[in-house]
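So the structure is just underneath, and the comments pick up after that.
Here is how names work: the chains are called A, B, and so on, in the same order as the sequence lines, proteins then strands, and each is numbered from 1.
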Amino acid sequence: MDKLIIIDGNSIANRAFYALPLLSNSSGLHTNAVFGFTTMLLKLIEEEKPTHFLVAFDAGKVTFRHKEYTEYKGGRAKTPPELSEQFPLIKELLKAFQIPQFELSGYEADDIIGTLTRIADEKGENVLLVSGDKDMLQLASDHVTVAITRKGISEVERYNPAEIQEKYGLSPKQIIDLKGLMGDTSDNIPGIPGVGEKTALKLLHEYGTVENVLDNAANLKGKMKEKVEEHAQSARMSKELATIFREVPMETEWSSFGYGGYDGQALASMFRKLEFKSLLEKMDLGASVEPSEPVQPLDVQIVTEDGIDALLETLGDSVPMHVEIVGENPHHSEIVGLSFYNEEHAKSLYVPFALLQSDAGAPLRAWLEDAAKKKQLLDQHRAELALAWQGVRLRGVDFDVQLAAYLLDPTDSDLTLSGLAGKYGLPGIKADEEVFGKGAKFRLPDEAALSEHLCRKAYTIARAVPVLRVELEKGEMHRLFYELELPLAGVLAEMELRGIKMDAADLKVFGEELAKQLDAIMVRIYELAGMEFNINSPKQLGEVLFEKLGLPAWKKTKTGYSTDAEVLEKLAPYNEVVGQILNYRQLAKLQSTYVEGLLKEVRPETGKVHTYYRQTIAATGRLSSQYPNLQNIPIRLEEGRKIRKVFVPSEPGWYILAADYSQIELRVLAHISQDEKLKEAFLQNMDIHTKTAMDVFGVPESQVDSNMRRQAKAVNFGIVYGISEYGLSQNLDITRKEAGAFIEQYFAVFQGVRKYMDDIVKDARRDGYVTTMLQRRRYLPEITASNFNLRSFAERTAMNTPIQGTAADIIKLAMVQMAERLKSENLRSRMLLQVHDELVFEVPQEELETMKTLVPEVMASALKLDVPLRADVDYGLTWYDAK
DNA sequence: GGATTCACG
DNA sequence: ACGTACGTGAATCCT
C-alpha cells in the first residue's frame with residue numbers, strides 16, 4: 001500500500017528555527033532551520049519508509065483570506081532574516097533529497113495540504129501529515145494521520161480521529177469550531193475574547209459547533225452569555241478563517257509524488273557546504289565526496305620485526321604519519337601504534353606500538369628522533385608528549401594539520417580528522433567514536449580494522465596538508481604558523497615534560513587545616529540555619545536562605561534562586577549565616593580544587609605536576625591549561641594565595657622567578673588604536689588607572705582618590721572587554737546612566753580608542769572576521785545577526801579579540817625567543833609556566849642576576865609596538881614569594 | 001551531561 | 001525594547 005508523507009514546509013522550518021540555537025557555518029550562513037529540517041526528513045525516511053513524499057510551502061504574501069479579512073496574520077512578527085535566508089537552502093536540500101516541492105500563488109501551504117489530503121481520502125491512500133500547527137488536526141481522517149511536533153522538533157505526536165476524540169473530546173472537524181471560539185493570536189484570528197481552550201472545549205462538548213453555541217447563547221449564563229452574544233459575528237468569521245480550503249484547483253498526478261530515495265552525492269555536497277559534519281559521518285556520506293577526491297582503498301601493510309628496514313626505506317625524508325594515543329591526558333596515556341603513508345608508492349604502513357618499543361624497533365625510534373626526517377602530523381604536541389613518556393623524543397615535525405586548522409578557524413570545536421575531512425572537502429574517514437566506541441564501550445577493534453583506520457588517518461593527513469597550507473597562505477597566516485605556533489608546540493612540550501615541583505607534604509598540612517576550619521564553619525552554619533543540609537547544593541542552600549530564613553531573593557537562575565557570591569554579599573547584613581556560607585565556599589573551593597585536585601595530579605615518583613597546555617582551544621589565541629589547570633592558581637585573596645607556597649624549585653638552591661607584563665592589553669590597545677592620550681600615558685610610564693581617572697574626572701593627580709582610581713580601572717577593563725553601559729554598571733554597582741556618563745567622558749578624552757572601537761566593528765561586518773597584529777583570525781558570523789543579543793556579543797568580541805589575541809601573540813613570541821635564548825646562552829634555568837601575561841622559571845642561584853635582566857628584556861622586545869612593553873620580575877623560594 | 005559556582009588573566 | 005561585560009577549567013550537584 002502507498003504511503004504519502006506531506007510536510008508543512010513553512011511550519012516545520014519555523015519550528016526548527018526557534019527550537020535550535022542559531023547555528024552557522026564558517027562563511028556566516030545560518031543553518032539551524034535547515035539542520036532541524038534535515039534531521040526531521042532523515043527520521044521520517046528511516047522510520048516511515050514512504051512511497052510518496054511532498055513538501056508544501058506558502059507562496060506569495062496575499063491569499064484569499066486577506067481579501068476576506070485584511071487583518072489576517074497581521075501583528076505577526078516579521079520573519080527574521082536569519083530564517084528567510086534559510087528557505088532557499090531548504091529548497092536546495094529538498095532537491096538533494098529528491099523530494100517534490102509544491103507551492104501555488106495565492107494559497108497557503110494549508111490549503112494545498114487540505115486539498116491533497118482530501119484527494120488521498122477519496123482514493124483511499126494513507127497519508128502522514130507533519131506540521132507544527134495544531135490547526136492541521138482538522139484534516140485527520142481514517143486515512144490521514146496528523147503528526148504535530150512537540151518540544152523541539154525531534155519528537156512528534158500523532159493523531160488519528162480516535163486520538164483527537166480522546167484528547168479533546170472532539171471530531172477533527174470540530175477543531176475548526178475550537179479555533180472559531182478560541183481564536184489564534186499568531187494568525188490574528190480574534191475568536192471570542194476571553195474564551196480560551198478550556199471554555200471553548202466546554203461549550204463544544206455541550207453544543208458541538210460554533211453555530212449551535214451561538215444559537216443557544218440565550219441558555220448561557222452571566223459573563224459568558226454577554227461575551228458570546230457580543231462577539232457572535234467574530235466567532236463566525238474566525239471559524240471561516242480557520243477552515244482549511246480543500247478545493248484548490250490543481251493538476252495532481254499521484255505518481256508525481258513518488259519517492260525513490262535521496263541523491264547521496266548531492267546530499268553529501270550539500271552537507272559539506274552547510275558543514276553538517278555529524279550528519280555526514282552518521283550517514284556515512286563522508287565517503288561519497290567530490291569527484292576529484294574519490295575514496296581510495298588503501299594498501300595496508302602491518303609491519304613486523306623483519307620489516308623495519310624496508311619500512312625506513314619507504315618512509316624516506318618526509319612523510320605524513322599518525323600516532324594513535326588512548327586517553328585525554330597525554331602525560332599518562334597509552335600509545336596503540338603508528339601509521340604512515342607513502343605517497344609515491346601509495347603504500348600504507350602500520351606499526352604496533354609493541355614493535356616500536358622492542359629491540360627491533362630501535363632504528364624506527366632513531367628515525368622518529370631524527371630532526372632531518374620530516375613528519376606531518378595531526379597534533380604533534382600530544383604525540384610528542386605521549387612518545388616522550390615512553391622514551392622516544394619526536395623531532396622534525398614540519399606540519400601539523402590540527403594546529404593549522406585551529407589557526408584557520410580558532411572557534412572550530414571539532415579538530416579531529418573526520419571533522420576536518422568534512423570541512424575541507426577531503427576524502428571521508430570514520431570518526432574515532434565509530435571505530436572505537438566511546439566511554440565505557442571503548443574497545444580497540446581487531447588489528448585489521450585498527451590498522452585500516454589508523455592508516456586512513458595518515459592518508460587523510462597527506463591529503464589535508466596541501467589544502468591547509470594553501471588556506472594558511474590565503475589568510476596570510478603562514479608566518480604565524482611556521483614561525484610561531486609550530487615552534488611553540490615544541491617549547492610547550494618541553495615545559496610540560498619538565499613539570500613543576502610541588503611540596504605535597506606541605507599541601508597536605510594546609511588541607512588538614514582547611515578541613516578543621518570547614519568543620520567548624522559547617523557546624524556554625526547548621527546552627528544558624530536551624531537545620532542540616534548540603535551547603536554545596538545551590539538548590540538546598542537556596543531553599544534554606546530564601547524559604548526557611550526568608551531572606552530576599554532578587555536574582556534567579558534557570559533552575560531556581562541564585563546563590564552566587566554577588567547575591568550572598570548583598571545578603572550578608574541580614575543574617576550571620578550568609579557570611580559564614582561565603583567563608584565556607586571560599587575554603588571549600590581551596591580544599592576541593594586546589595588541595596585535593598592538585599594532590600591527585602602530583603607524580604609520586606618525582607613530586608611534580610605536569611600540566612597540559614592546549615594550543616587549539618581558546619578563540620582568541622590564548623593557551624589553556626589542563627590536568628591540572630595551572631593558570632588559575634589563587635592569588636587575589638591571601639588565604640588562597642598561600643597555595644602558591646607549595647610550588648617550589650625542583651633542585652636545592654634554586655629559585656622560582658616570575659615575570660609579568662605590565663598592562664599588556666592596554667598597551668596593545670594604545671598601539672592598535674594609535675590613541676594619542678593613551679600612547680602618551682605609556683610613553684611617560686604613568687600608572688594607567690590613575691591617569692585614566694585624572695582624564696575622566698578632570699582632576700590633577702593629587703586629587704585622584706582610591707575610589708576614583710578603582711572606577712577608572714573598571715572603565716579600562718570595560719574598554720578592553722568591549723564596553724557596554726550595562727556591563728560597567730553591573731561591575732561598579734552604579735546605574736546605567738552613570739555608567740554611560742563615564743563611558744562618554746572616557747571617549748571624549750580617548751578619541752582614538754572610540755574610533756578604533758567603531759572601525760573594528762565596521763571591519764568585522766565587512767570582512768566577517770577580525771585579526772590580531774600577527775594576522776591571527778577569528779570569524780564573527782553573528783556580527784550581522786538581527787537578534788540584538790547575538791549581535792552585541794559579536795560586536796564586543798570584535799573589540800576584544802584583536803586586543804586579547806595580540807597580547808597572546810606577544811607572549812607566545814616571548815616564549816619561543818626565551819627558549820632559544822636559554823639554549824643559545826647555555827643557561828640551566830628552565831621555563832616552567834605561562835599564565836597569559838606571566839612566565840614562571842626555575843633558576844639556579846648563579847643565574848639569578850642574568851635571568852632578572854634577560855627575561856624582562858626578551859618579553860619587552862618580543863614585538864615592537866609604538867609604546868614600550870614592560871615586564872616586571874621577581875623571584876623567591878616559592879611561587880608565592882616571586883610576586 | 002547540563003547547570004551552577006568560582007578560580008585565574 | 002532588548003539585557004552581557006572578554007577568555008578559560010574544575011568541582012559539585014542532580015536530572
message: Give the dot-bracket line for DNA chain C from 5' end to 3' end: parentheses for intra-strand Watson-Crick or G-U pairs under 3.5 Å, square brackets for crossings, | for inter-strand pairing, dots for unpaired.
response: .....|||||||||.

message: Run the side chain to side chain contact (heavy atoms under 4.5 Å, CB included) test against A/I617 and tell me which residues pass, sequence neighbours left out.
response: A/R614, A/S624

message: Considering every strand and a 4.0 Å limit on heavy-atom distances, what is the contact class for A/T557: base, sugar-phosphate, or nothing?
response: sugar-phosphate

query: What is the distance, rounded to the nearest whole Å, between atom CG of A/N716 and atom P of C/dC6?
result: 17 Å

task: Taking only the side-chain nitrogens and oxygens of A/R622, find out if one of them lies under 4.0 Å from OP1 or OP2 of C/dG7.
output: no

message: Tell me the interatomic distance from A/K555, atom NZ, to C/dG3, atom P, rounded to whole angstroms.
response: 16 Å

field: Set of residues satisfying side chain to side chain contact (heavy atoms under 4.5 Å, CB included) with respect to A/I635, sequence neighbours excluded
entry: A/R641, A/R644

message: Using a heavy-atom cut-off of 4.0 Å across all strands, would you classify A/I803 as base, sugar-phosphate, or nothing?
response: nothing

message: Counting the atoms with a prime plus P, OP1 and OP2 as sugar-phosphate, which does A/A619 contact under 4.0 Å by heavy atoms, base, sugar-phosphate, or nothing?
response: sugar-phosphate

task: List for me each residue that meets side chain to side chain contact (heavy atoms under 4.5 Å, CB included) alongside A/R777, sequence neighbours excluded, and say none if there are none.
output: A/M477, A/Y769, A/T771, A/Y779

- prompt: What integer number of Å spans the P atoms of C/dT4 and B/dT5?
  reply: 15 Å

- prompt: Touch check for A/R585, heavy atoms < 4.0 angstrom, all strands: base, sugar-phosphate only, or nothing?
  reply: sugar-phosphate

field: Reading 5' to 3' through nucleotides 10-15 of chain C, protein heavy-atom contacts under 4.0 Å coded B for base, S for sugar-phosphate only, - for none
entry: SSSSSS

- prompt: Would you say A/F788 stacks on C/dC2, if stacking means ring centres under 5.5 Å apart and planes within less than 30 degrees?
  reply: no

query: How would you label the contact of A/R736 with the nucleic acid (heavy atoms, under 4.0 Å): base, sugar-phosphate, or nothing?
result: base

query: Using a cut-off of 4.0 Å on non-hydrogen atoms, how would the nucleic acid contact of A/G722 be classed: base, sugar-phosphate, or nothing?
result: nothing

message: Reading DNA chain B in the 5' to 3' direction, which nucleotide is the first one with an atom under 4.0 Å from a heavy atom of chain A, and which is the last?
response: B/dA3 to B/dG9

- line: In whole angstroms, the gap separating P of C/dA5 from CZ of A/R796 amounts to 8 Å

message: Is the shortest side-chain heavy-atom distance between A/Q615 and A/L488 below 4.5 Å?
response: yes

- prompt: When we call it a touch if two heavy atoms are under 4.0 Å apart, what does A/I635 touch: a base, just sugar-phosphate, or nothing?
  reply: sugar-phosphate

query: How is A/F793 classified with respect to the nucleic acid when contacts are heavy atoms under 4.0 Å: base, sugar-phosphate, or nothing?
result: sugar-phosphate

query: Base, sugar-phosphate, or nothing for A/A565, non-hydrogen atoms under 4.0 angstrom?
result: sugar-phosphate

query: Between atom CZ in A/F717 and atom P in C/dG7, what is the gap in whole Å?
result: 15 Å

- prompt: Among all residues two or more places apart in sequence or in another chain, which pass the ring-ring contact (aromatic ring centres under 6.0 Å, His included) test with A/Y756?
  reply: none

query: Salt-bridged, A/K555 to A/D564, with N to O below 4.0 Å?
result: yes

task: Using a 4.0 Å heavy-atom cut-off across all strands, classify A/N731 as base, sugar-phosphate, or nothing.
output: base

Stepwise side chain to side chain donor-acceptor pair (under 3.5 Å) check, A/D881 with A/T878: CA-CA 5 Å; A/D881 302 295; A/T878 73; 2.6 Å; yes

message: Going by side-chain hydrogen bond (donor to acceptor under 3.5 Å, both in side chains), name the residues that satisfy it together with A/R791, two or more places apart in sequence or in a different chain.
response: none

query: Do A/E513 and A/K508 meet the salt-bridge criterion of a basic N to acidic O distance under 4.0 Å?
result: no

query: Could you give the CD-to-P distance, from A/E601 to C/dG9, as a whole number of Å?
result: 14 Å

message: Taking only the C1' atom of each, what is the distance from C/dC2 to B/dA7 in whole angstrom?
response: 32 Å

task: Rounded to whole angstrom, note down the C1' distance from B/dC8 over to C/dG3.
output: 26 Å

query: Tell me, which pairs form a salt bridge (Lys or Arg N to Asp or Glu O under 4.0 Å) where one or both residues lie in residues 707-728 of chain A, sequence neighbours left out?
result: A/D687-A/R709, A/E725-A/R736

- request: Using side chain to side chain contact (heavy atoms under 4.5 Å, CB included) as the criterion, list what pairs up with A/D872, not counting sequence neighbours.
  value: A/D660, A/S662, A/R870

- request: Under the ring-ring contact (aromatic ring centres under 6.0 Å, His included) rule, collect the residues that match up with A/F742, sequence neighbours excluded.
  value: A/F697

- prompt: Taking only side-chain nitrogens and oxygens of A/R778, does any of them come within less than 4.0 Å of OP1 or OP2 of C/dG7?
  reply: yes

statement: Sorted by chain and residue number, the ring-ring contact (aromatic ring centres under 6.0 Å, His included) partners of A/Y746 (sequence neighbours excluded) come out as A/F750

- prompt: What does A/A794 touch in the nucleic acid at a heavy-atom separation under 4.0 angstrom: a base, only the sugar-phosphate, or nothing?
  reply: nothing

Check against salt bridge (Lys or Arg N to Asp or Glu O under 4.0 Å), A/E485 and A/R776: CA-CA 11 Å; A/E485 297 289 353; A/R776 187 187 303 281; 2.7 Å; yes

- line: Between CG of A/N800 and P of C/dG7 the distance, given in whole Å, is 6 Å

- prompt: Given atom CG of A/D837 and atom P of C/dG7, what is their separation to the nearest angstrom?
  reply: 17 Å

message: Regarding A/I633, tell me which of base, sugar-phosphate or nothing describes its non-hydrogen contacts under 4.0 Å with the strands shown.
response: sugar-phosphate

- prompt: Whole Å only: how far is the CD atom of A/Q730 from the P atom of C/dG3?
  reply: 13 Å

